[in-house]
Trainee: 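Sharing a structure, written as structure tokens. Questions coming.
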Amino acid sequence: MMYTEGIGVQENIEKGVECLKAAENYGPAIEALKHYKKSLFGVWRRK
């Protein structure tokens, strides 16, 4: 969440999504992943 929202660090959605995927069994991480999608060019974006 810190990387995807830029809290205390520079915003890096790609790294944030990787961290959220690593925590796949954690409920809030699953909900947070629903707010991001990969664009046609392979770049992660907020929905």
Side-chain angles (χ1 to χ4, degrees):
M1 297 285 291
M2 290 175 54
Y3 289 108
T4 56
E5 296 179 11
I7 300 172
V9 295
Q10 185 175 6
E11 186 177 276
N12 185 342
I13 294 176
E14 185 174 342
K15 187 170 184 177
V17 168
E18 287 177 19
C19 292
L20 290 171
K21 284 183 176 182
E24 62 189 31
N25 294 329
Y26 183 58
I30 295 168
E31 290 298 317
L33 274 173
K34 293 179 183 177
H35 295 109
Y36 299 95
K37 68 175 184 174
K38 201 173 241 188
S39 72
L40 181 63
F41 301 107
V43 179
W44 284 98
R45 303 269 184 213
R46 286 187 185 92
K47 288 185 180 179

Trainee: How long is the span from the OH atom in Tyr36 to the OG1 atom in Thr4, to the nearest 0.5 Å?
Mentor: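 So the gap between those two atoms works out to 3.5 Å.
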Trainee: Closest heavy-atom contact between Ala29 and Ala23?
Mentor: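 Closest approach of Ala29 to Ala23: CB-O, 3.4 Å.
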Trainee: Measure the CG-CH2 distance between Leu33 and Trp44 for me, rounded to the nearest 0.5 Å.
Mentor: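 These two atoms lie 7.0 Å from each other.
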Trainee: Is any side-chain N of the basic residue among Glu14 and Arg45 closer than 4.0 Å to the acidic one's carboxylate O?
Mentor: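 Judged by the 4.0 Å cut-off on N to carboxylate O distance, Glu14 and Arg45 do not form a salt bridge.
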Trainee: Hey, could you give me each pair passing side chain to side chain donor-acceptor pair (under 3.5 Å) that has a residue in residues 18-35? Not counting sequence neighbours.
Mentor: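 The answer is Glu31-Lys34.
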